[in-house]
Amino acid sequence: MTNRRMIFLVLCAGALAVLACAYPLWTFGAARPATAREKLLRYFAGEIGAPEVCDAISWDAFQRYNALFAGGGASYARSDCHEAAALRARDAGLCWRVRPLVDFDPSSSHGYSAIGCARRVLRNEPPSAAGPSDAELLTAFAAMGYDIDELPREGVIGPAVDIRDTYRAAARNDAVVARAKTLLESGQEKLGEAEAAYLASLVAAATRAPEWCERIPSGVIIAEAHQGPFRDWCVFTLASDTGDPRLCDALPPARSDAKTLEAIARGVAPAIAEQLSLQHQCRRQAGRSSTGSVYGAQTPSDPALARRLLALLGQTTPSARALPPAQQADYYRQFLYALWPSAQERAAVAAARAKLIARLALLPERP
């Protein structure tokens with residue numbers, strides 16, 4: 001081997017060594033760790049499958065190091081973000097925004113390249129990065145102007161505090177029951193038909209006195225648990241709770257019940273048709289005291305009605321802001337889950353996601 005050739009090989013080996021050492025920098029260009037804001041953007045983009053959020057992350061930021069030289073993961077924080085969005089959206093087409101394009105070690109790469117990302121999408125792998133702490137998540141949502149009590153207005157998630165649970169608890173309070181009696185007896189407050197019916201049910205359940213059910217006009221129909229007069233349902237639930245089948249005598253006779261007549265019209269034998277009546281079911285249910293079933297006061301399914309009733313009863317509607325931080329954070333995570341991309345996406349979901357993406361663009365560096 002000539003000296004010239006030896007010198008050439010030595011120079012080539014040296015050049016390769018320099019390139020290998022410099023590879024993570026000049027190939028990936030990442031010069032600093034991702035900021036707190038950039039980490040939050042990556043988290044939100046991955047949670048709701050929104051790659052456009054990633055564009056606010058600088059190419060100067062690294063999230064994880066190159067697998068070939070430092071043992072794992074994506075080098076660019078921005079690439080890591082696009083990968084997370086692609087995995088959540090189950091869209092391998094988004095992976096072409098990830099740098100670099102090709103894996104140098106396909107057998108062990110965890111998706112630090114476009115091809116590795118696509119491979120993970122095809123395997124239906126979830127985004128892997130850890131999310132923010134509860135405190136960080138709550139701070140971020142607050143910085144974006146979200147109010148946990150107002151979040152149900154987005155139309156994609158129910159309230160963090162179920163007002164019906166508050167109403168059920170109030171119905172077991174002696175002072176609340178006394179207030180309901182006063183409202184029904186004194187007439188000092190103008191009660192709507194629904195409000196009066198529910199208050200009568202509340203007092204009947206608390207006192208186990210059927211005369212309070214009789215205060216409900218027979219024509220009041222509130223389709224909560226029974227398609228029929230609300231007064232009849234009040235009697236049925238009270239008879240069931242007390243185990244007293246004699247209360248069922250106040251219900252329409254089985255032979256004249258609407259369900260009985262409908263069944264007879266369809267050709268069902270009268271003796272069998274009468275078993276469909278509320279009176280028949282009431283007597284059967286009241287005779288099963290060992291079942292331990294308790295209906296209690298009828299609870300409105302309409303949150304607005306429940307709030308009106310609580311206000312009449314002098315009860316404060318609870319705020320979700322009083323919940324422990326961990327519960328609040330879990331609720332916000334449920335909100336993000338509701339924004340996951342879907343082929344049959346509702347308009348409310350699309351609007352809520354677009355609103356969140358717009359607010360993420362304005363998220364300050366230190367929320």
Side-chain angles (χ1 to χ4, degrees), residues 28-30 32-67 70-103 105-106 108-134 136-137 139-141 144 156 329-330 332-343 345 349-350 352-363 365 367:
F28 296 106
R32 60 168 176 79
T35 65
R37 176 178 182 269
E38 288 171 331
K39 291 179 180 179
L40 281 170
L41 292 176
R42 183 259 181 237
Y43 168 75
F44 279 103
E47 284 300 292
I48 64 175
E52 56 268 48
V53 173
C54 305
D55 294 336
I57 299 176
S58 171
W59 282 116
D60 289 336
F62 61 77
Q63 184 71 20
R64 290 176 288 167
Y65 283 105
N66 173 283
S75 287
Y76 287 119
R78 187 162 170 172
S79 287
D80 201 31
C81 180
H82 281 303
E83 177 185 291
L87 290 171
R88 176 63 69 223
R90 296 283 180 254
D91 185 355
L94 300 178
C95 289
W96 300 113
R97 304 185 186 192
V98 176
R99 296 182 186 178
L101 176 65
V102 182
D103 291 349
D105 186 5
S108 62
S109 169
H110 295 289
Y112 74 103
S113 70
I115 292 179
C117 168
R119 186 171 61 246
R120 294 186 65 199
V121 170
L122 294 175
R123 288 203 297 251
N124 289 327
E125 295 184 23
S128 58
S133 67
D134 293 344
E136 290 170 335
L137 187 64
T139 300
F141 270 104
M144 291 187 288
V156 299
D330 284 344
Y332 276 116
R333 291 187 181 99
Q334 291 173 32
F335 171 65
L336 295 178
Y337 177 81
L339 300 185
W340 280 16
S342 169
E345 185 169 280
V349 173
R353 185 190 293 112
K355 178 179 177 180
L356 176 59
I357 291 171
R359 292 189 176 189
L360 282 167
L362 303 176
L363 186 67
E365 180 55 51

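Note that the coordinates shown come from a computational prediction; the quantities given were computed from them, not determined experimentally.
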* To do: Give, for atom CG of L336 and atom CZ of R88, the distance between the pair rounded to the nearest 0.5 Å.
  => 10.0 Å

* **Contacts of type ring-ring contact (aromatic ring centres under 6.0 Å, His included), residue F141, not counting sequence neighbours** => F44, Y146, Y332

* Please report the C-alpha distance between R353 and E47 in whole Å, then the side-chain angles of each, then the deciding distance to 0.1 Å, and finally whether the salt bridge (charged side-chain N to carboxylate O under 4.0 Å, His left out) criterion is met. => CA-CA 11 Å; R353 185 190 293 112; E47 284 300 292; over 6 Å; no

* Structure fact -> Looking only at heavy atoms, the pair that brings R37 and L360 closest together is NH2-O, 3.8 Å

* To do: Report the C-alpha separation of C117 and W96 in whole Å, then their side-chain angles, then the decisive distance to 0.1 Å, and conclude whether the side chain to side chain contact (heavy atoms under 4.5 Å, CB included) test is met.
  => CA-CA 9 Å; C117 168; W96 300 113; over 6 Å; no

* To do: Would you name the heavy atoms of L41 and A56 that are closest together and state the gap between them?
  => CD1-CB, 3.8 Å

* Identify, with sequence neighbours excluded, every residue that meets side-chain hydrogen bond (donor to acceptor under 3.5 Å, both in side chains) alongside D91. => none

* Min side-chain heavy-atom separation K39-P132 under 4.5 Å -> no

* Heavy-atom closest pair, residues C95 and V121 -> SG-CG2, 3.9 Å

* Quick one: closest heavy-atom pair of A45 and C54, and the distance? => CB-SG, 3.7 Å

* **Electrostatic pair R78-D60, nearest N-O below 4.0 angstrom** => no

* At what distance, to the nearest 0.5 angstrom, does CZ of R97 lie from CG of D55? -> 6.0 Å

* Asked: Could you state the interatomic distance from NE2 (H82) to CG (L94), rounded to the nearest 0.5 Å?
  -> 8.5 Å

* **Interatomic distance, I57 atom CD1 to R42 atom CZ [nearest 0.5 angstrom]** => 8.5 Å

* With rounding to the nearest 0.5 Å, note down the distance linking OH in Y43 to CD1 in I48. => 10.5 Å

* Side-chain touch L362/M144, heavy atoms, less than 4.5 angstrom -> no

* Using a distance-only test with no angle check, is there a side-chain donor-acceptor pair under 3.5 angstrom linking T35 and E365? -> yes

* Evaluation steps, salt bridge (charged side-chain N to carboxylate O under 4.0 Å, His left out), between R333 and D134 -> CA-CA 10 Å; R333 291 187 181 99; D134 293 344; 2.9 Å; yes

* Could you pull out the closest heavy-atom pair between P51 and G49, with the gap in Å? => CD-O, 3.4 Å

* Side chains of S58 and E38: does their closest heavy-atom pair fall under 4.5 Å? -> yes

* Structure fact -> Here the pair of heavy atoms bringing A89 nearest to P341 is CA-CG, 3.9 Å

* With a 4.0 Å cut-off, would you call R90 and E125 a salt bridge? -> no

